[in-house]
Undergrad: 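Pasting in a structure now, in structure tokens, and then I'll have a few things to ask.
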Amino acid sequence: SIFYGLPSIDLLRDYKPKELSKIISSDNKILYKFYDFDSNREVVKIEKIPQYLLNALIANEDKNFFNHYGIHIPSIFRSFYINFLMGKRAQGGSTITMQLARNLYDMKLEHIGHEKTISRKIKEIILAIKIEQAYTKNEILEMYLNSVYFGNIKTRPMWGIQKASKMIFGKDISQLELHECGLLIALLPAPNDRIPFRHPINATKYRKLVLKNLLEQNFINKIKYNEAIEMPLPFES
């Protein structure tokens with residue numbers, strides 16, 4: 001059945017992104033961290049995430065985010081037509097909520113999967129609608145940014161926006177400036193091809209595209225855009 005393995009709303013409400021297991025001393029110092037591939041993250045509340053970053057995510061990944069219930073019908077039809085009838089890859093077919101549905105990898109239920117099939121897309125759509133029933137829009141943004149993969153640096157994977165911020169910029173997420181927020185969102189579609197330390201040309205190109213979308217959707221003005229695109233990329237520490 002196409003519905004097999006899809007979580008109930010009650011299970012969705014109990015979802016918590018996996019974090020590192022730690023050994024902590026009596027004086028609250030971290031003595032050791034247990035790493036595995038999908039747990040190198042630090043979960044943060046949405047209140048700590050800069051508005052620039054939230055706006056960049058919406059402008060580049062799902063400009064209709066606050067006006068849909070998990071899916072955007074015109075984009076779905078375009079995606080089905082291009083992906084499955086013409087055999088090409090559609091751009092912008094998935095909402096943020098649908099992307100989150102794909103990222104729920106540690107629910108201990110059958111994976112939706114990432115293969116490009118009609119059944120997988122339908123499961124993604126159904127789960128996205130369930131997610132919208134279980135969470136508010138801000139909770140979905142928070143969960144998405146805490147669960148998404150940002151690539152790896154020195155073989156260490158970066159899961160979640162806080163870990164990416166610390167490993168790329170050496171900063172807490174709350175301290176990021178506009179150009180830094182733009183770079184993090186630019187990583188999302190293909191993170192390991194856009195890490196600034198390894199691919200500075202790609203990083204600069206796609207950061208500029210993110211900032212351009214912010215400008216065109218009136219999240220920033222021309223002055224801020226021009227300032228941000230001229231900022232240097234971070235250096236590897």
Undergrad: So, do Phe169 and Leu183 sit near enough that their side-chain heavy atoms are less than 4.5 Å apart?
TA: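 Contact flag for Phe169/Leu183 side chains = yes.
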Undergrad: If you group Ile, Leu, Val, Met, Phe, Trp and Tyr whenever their side-chain heavy atoms sit less than 4.5 Å apart, what else falls in with Leu209?
TA: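 Direct or chained contacts put Leu209 with Tyr206.
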Undergrad: Apply the test side chain to side chain contact (heavy atoms under 4.5 Å, CB included) to residues Ile195 and Met158: give CA-CA distance (whole Å), side-chain angles for both, the deciding distance (0.1 Å), then the verdict.
TA: CA-CA 11 Å; Ile195 296 292; Met158 298 179 289; 3.7 Å; yes
Undergrad: Can you tell me if Asp62 uses its side chain to pair, donor with acceptor, with the backbone of Ser94 under 3.5 Å?
TA: no
Undergrad: With a 4.5 Å cut-off on side-chain heavy atoms, are Pro234 and Phe197 touching?
TA: yes
Undergrad: Using a 4.5 Å cut-off on heavy atoms from C-beta on, say whether the side chain of Ile229 contacts that of His179.
TA: no
Undergrad: With Gln51, which residues qualify under side-chain hydrogen bond (donor to acceptor under 3.5 Å, both in side chains), at least two apart?
TA: Asn55
Undergrad: Taking Glu142 for its side chain and Ile46 for its backbone only, find out whether a donor-acceptor pair lies under 3.5 Å.
TA: yes
Undergrad: Kindly write out the residues that satisfy ring pair (Phe, Tyr, Trp, His ring centres under 6.0 Å) with His68, not counting sequence neighbours, or none if the list is empty.
TA: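 By the ring pair (Phe, Tyr, Trp, His ring centres under 6.0 Å) rule, His68 matches Phe65.
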Undergrad: Can you name the closest pair of heavy atoms from Gly70 and Met98 and give their distance?
TA: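 The answer is O-CG, 3.5 Å.
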Undergrad: Looking at Ser147 and Met143, would you say the former's side chain and the latter's main chain have a donor-acceptor pair under 3.5 Å?
TA: yes
Undergrad: Considering residues at least two apart in sequence or located in another chain, which fulfil the side-chain contact (heavy atoms from CB on, under 4.5 Å) criterion with Ile201?
TA: none
Undergrad: Would you say Glu236 and Ile153 make side-chain contact, with heavy atoms under 4.5 Å?
TA: yes
Undergrad: Which pairs of donor and acceptor atoms, one on a side chain in residues 213-220, lie under 3.5 Å apart (sequence neighbours left out)?
TA:
unit_1 : atom_1 : unit_2 : atom_2 : d
Asn213 : ND2    : Asn60  : OD1    : 2.6
Gln217 : NE2    : Ala59  : O      : 2.8

Undergrad: Please list, chain by chain and in numerical order, all residues satisfying side-chain hydrogen bond (donor to acceptor under 3.5 Å, both in side chains) with Lys166, sequence neighbours excluded.
TA: Glu42
Undergrad: Which pairs, with at least one residue in residues 189-207 and sequence neighbours excluded, count as a salt bridge (charged side-chain N to carboxylate O under 4.0 Å, His left out)?
TA: none
Undergrad: Quick one: salt bridge (charged side-chain N to carboxylate O under 4.0 Å, His left out) pairs with a partner in residues 171-185, sequence neighbours left out?
TA: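 Only Lys48-Asp172, Lys171-Glu180 qualify under salt bridge (charged side-chain N to carboxylate O under 4.0 Å, His left out).
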Undergrad: Does the side chain of Ile173 come within less than 4.5 Å of Leu145's, by heavy atoms?
TA: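 Counting from C-beta outward, Leu145 and Ile173 never come under 4.5 Å.
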Undergrad: Considering residues at least two apart in sequence or located in another chain, which fulfil the side-chain hydrogen bond (donor to acceptor under 3.5 Å, both in side chains) criterion with Thr155?
TA: none
Undergrad: Looking at side-chain heavy atoms only, is the closest gap between Asn192 and Asn152 below 4.5 Å?
TA: yes
Undergrad: Would you check if Leu100 and Tyr135 make a side-chain contact, meaning some heavy-atom pair closer than 4.5 Å?
TA: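 Of all side-chain heavy-atom pairs linking Tyr135 with Leu100, none is under 4.5 Å.
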Undergrad: Tell me, please, which residues at least two apart from Thr97 pass side-chain hydrogen bond (donor to acceptor under 3.5 Å, both in side chains).
TA: Glu132
Undergrad: Can you find a heavy atom in the side chain of Tyr144 that is under 4.5 Å from one in the side chain of Gln99?
TA: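 Tyr144 reaches Gln99 side chain to side chain.
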